[in-house]
Amino acid sequence: MCIRDSVGGEDTDHPGGHLKTIVHALQQHSRERGDSVALVQDDRAITFRELDEQSTQVAGALRSTGVGYGDRVAYLAKNVPEYLLVLLGACKVGAVLVPVNWRLAQAEVEVIVNDAGANVLLVAEEFASGPFIEGRRAITLGDEFDAWLDAAPVGPVTEPGPQDVAVQLYTSGTTGLPKGVMLTHDNLVRQLEAVVDVTGCGEGAVNLTVMPVFHIAGTAALLSGVWMGCTGVLVRELVPAEVLIRIARHRVTHTVFVPAVIQALLECDQIGNTDLSSLRTILYGASPIAESVLIRAMAVFGCDFVQAYGLTETTGMAVCLSREDHLHVREHPKRLRAAGRPVGDMELRIVDTGSGTDLPVGSVGEVWMRGGFVMAGYWNRTDDTT
């Protein structure tokens with residue numbers, strides 16, 4: 001897949017309107033619906049005002065630790081509210097959060113943290129040992145994190161710009177070492193607006209994040225609530241029965257699943273006794289799904305389904321199979337095998353791998369993409385980017 005034609009796109013108008021960054025969206029929601037719940041995990045609830053204030057505390061703590069504009073801050077933990085606080089706090093000093101896959105071996109974690117040049121690491125206690133700790137300031141989530149915040153002065157907030165990098169996610173490294181994908185605020189804003197458009201997620205929605213935040217699906221899902229000003233429900237890690245409990249308890253309306261999660265939920269003994277009536281839309285993607293699984297899921301969950309196709313380098317979804325396409329499954333069953341149509345301003349070509357010339361319909365080739373979702377580039381890999 002080639003995306004090099006798209007890197008460094010123009011800063012044109014887009015659906016985000018006057019809200020050009022995630023920080024701007026948070027600040028507006030803090031003013032307009034400050035007492036509304038922004039994020040829930042288990043018995044812990046954080047309002048939009050608290051999310052704004054606490055992320056500003058994180059910004060002060062990062063600044064007091066020597067973190068400034070453009071610096072990378074690593075995060076190694078499962079899905080907990082601190083991730084969102086640190087991401088937003090880093091943005092408020094112009095720094096870049098680097099979420100690291102906690103499933104990796106210690107040596108693999110070290111490669112990523114060293115590549116990012118992160119001198120500060122926020123880490124869960126269960127992962128707080130290994131060679132990647134050496135030579136950098138490691139703050140363990142929990143009591144040490146709280147004390148770090150309490151001791152720091154609350155300073156001024158740096159307003160990030162649309163082209164500033166907000167988060168750096170690493171690829172899986174299937175063809176070599178993992179590469180750091182730099183996603184800007186503009187990338188995220190365009191993506192979140194597109195997700196809202198295709199899923200119908202808006203004010204009053206309850207958005208469930210199950211996917212790990214080191215994956216673009218998890219980070220984008222979590223930020224959707226911040227962007228729209230709706231309640232987000234965060235699941236620490238995938239336990240099918242617990243996911244079903246949270247859907248019913250919090251009256252979840254929107255979520256993002258990969259096909260493996262859909263399959264696991266369908267096979268869960270509790271699904272027949274779970275109230276799923278609140279669900280409106282499930283966005284799924286990241287791998288192929290069997291037609292039989294999808295058709296069964298549509299019947300069991302009883303809500304709209306939307307398929308997304310994309311990659312980390314396109315901030316997630318670049319192509320979408322709409323709700324309407326799923327409604328006509330009986331008349332057009334083969335349609336469910338398609339990835340869908342380009343979303344937003346994305347453009348696609350299918351080309352010959354060797355020559356780069358366009359191929360006729362039905363041919364197998366390389367996918368080229370360009371548009372506002374495409375990353376700013378690979379961190380410290382100019383040759384791979386261009």
Side-chain angles (χ1 to χ4, degrees), residues 19 21-59 61 73 75 77-92 97 99 102 122 124 141-142 145-146 149 157 166-167 185 188-189 191-192 195-196 199 201-239 242-243 245-257 278-281 283 316:
L19 295 176
T21 73
I22 301 300
V23 171
H24 295 151
L26 172 62
Q27 292 168 337
Q28 176 170 301
H29 297 317
S30 179
R31 291 190 299 268
E32 297 180 354
R33 52 177 64 86
D35 294 329
S36 298
V37 174
L39 189 64
V40 177
Q41 185 172 73
D42 300 326
D43 296 327
R44 182 179 178 186
I46 302 175
T47 67
F48 280 100
R49 184 176 296 109
E50 290 169 337
L51 186 60
D52 191 19
E53 293 172 350
Q54 291 175 27
S55 60
T56 298
Q57 278 187 287
V58 172
V73 177
Y75 172 93
K78 295 182 180 180
N79 289 10
V80 292
E82 282 75 13
Y83 175 74
L84 189 55
L85 294 174
V86 175
L87 192 160
L88 293 166
C91 289
K92 288 181 176 182
L97 188 61
W102 49 265
L122 284 301
L141 300 182
F145 178 80
D146 294 340
L149 294 188
V157 170
V167 64
H185 282 273
L188 291 169
V189 166
Q191 177 69 202
L192 296 176
V195 170
V196 168
T199 65
C201 181
E203 187 177 344
V206 179
N207 188 54
L208 176 71
T209 299
V210 174
M211 305 310 300
V213 292
F214 61 72
H215 192 283
I216 183 58
T219 286
L222 188 59
L223 289 176
S224 294
V226 178
W227 181 250
M228 287 307 304
C230 63
T231 298
V233 178
L234 184 62
V235 175
R236 183 174 183 272
E237 59 183 319
L238 176 64
V239 178
E242 293 296 319
V243 172
I245 288 172
R246 279 155 181 76
I247 291 174
R249 176 184 299 166
H250 298 290
R251 305 296 295 164
V252 168
T253 60
H254 295 75
T255 191
V256 178
F257 291 148
S278 62
L279 284 171
R280 299 180 200 163
T281 306
L283 180 70

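Residue numbers start at 1 and run along the sequence shown.
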Starting from the C-alpha separation in whole Å, work towards a yes-or-no answer on side chain to side chain contact (heavy atoms under 4.5 Å, CB included) for Ile22 and Leu192. CA-CA 10 Å; Ile22 301 300; Leu192 296 176; 3.5 Å; yes
Donor-acceptor contact below 3.5 Å, side chain [X] vs main chain [Y]:
{"X": "His29", "Y": "Val226", "result": "yes"}
{"X": "Thr253", "Y": "Val206", "result": "yes"}
{"X": "Thr47", "Y": "Gly34", "result": "yes"}
{"X": "Gln54", "Y": "Leu149", "result": "no"}
{"X": "Ser55", "Y": "Leu51", "result": "yes"}

Could you tell me which residues satisfy salt bridge (charged side-chain N to carboxylate O under 4.0 Å, His left out) with Glu237, sequence neighbours excluded, listed by chain and number?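 If we apply the salt bridge (charged side-chain N to carboxylate O under 4.0 Å, His left out) test to Glu237, skipping adjacent residues, the hits are Lys78.
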Check salt bridge (charged side-chain N to carboxylate O under 4.0 Å, His left out) between Arg31 and all other residues, then give those that pass, not counting sequence neighbours.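 So Arg31 forms no salt bridge (charged side-chain N to carboxylate O under 4.0 Å, His left out) with any residue.
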Value rounded to 0.5 Å, distance of [atom1] in [X] from [atom2] in [Y]:
{"X": "Leu85", "Y": "Leu122", "atom1": "CG", "atom2": "CG", "answer": "10.0 Å"}
{"X": "Gln27", "Y": "Thr21", "atom1": "CD", "atom2": "OG1", "answer": "7.0 Å"}
{"X": "Leu223", "Y": "Leu188", "atom1": "CG", "atom2": "CG", "answer": "6.0 Å"}

With a 4.5 Å cut-off on side-chain heavy atoms, are [Y] and [X] touching?
{"X": "His185", "Y": "Cys91", "value": "yes"}
{"X": "Ile46", "Y": "Pro81", "value": "yes"}
{"X": "Val86", "Y": "Phe145", "value": "yes"}
{"X": "Leu88", "Y": "Val58", "value": "no"}
{"X": "Val235", "Y": "Asn79", "value": "no"}
{"X": "Thr199", "Y": "Val256", "value": "no"}
{"X": "Gln41", "Y": "Val80", "value": "yes"}
{"X": "Tyr75", "Y": "Leu141", "value": "yes"}

Would Val243 and Leu208 count as a side chain to side chain contact (heavy atoms under 4.5 Å, CB included) if you check the C-alpha gap in whole Å, the side-chain angles of each, and the deciding distance to 0.1 Å? CA-CA 9 Å; Val243 172; Leu208 176 71; 4.1 Å; yes
Between [X] and [Y], which heavy-atom pair has the shortest distance, and what is it?
{"X": "Ile247", "Y": "Ser278", "value": "O-OG, 3.9 Å"}
{"X": "Ala77", "Y": "Trp102", "value": "O-CD1, 3.4 Å"}
{"X": "Val37", "Y": "Phe48", "value": "O-CE1, 3.8 Å"}
{"X": "Cys230", "Y": "Ala205", "value": "CB-O, 3.1 Å"}

Which pairs, with at least one residue in residues 205-221 and sequence neighbours excluded, count as a side chain to side chain donor-acceptor pair (under 3.5 Å)?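 Residue pairs with at least one partner in residues 205-221: Tyr83-Thr219.
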Could Lys92 and Asp52 be called an ion pair, given the rule that one side-chain N must be under 4.0 Å from one carboxylate O?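 Asp52 and Lys92: salt-bridged.
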Taking only Lys NZ, Arg NE, NH1 and NH2, and the carboxylate oxygens of Asp or Glu, determine whether Arg44 and Glu82 approach each other closer than 4.0 Å. yes
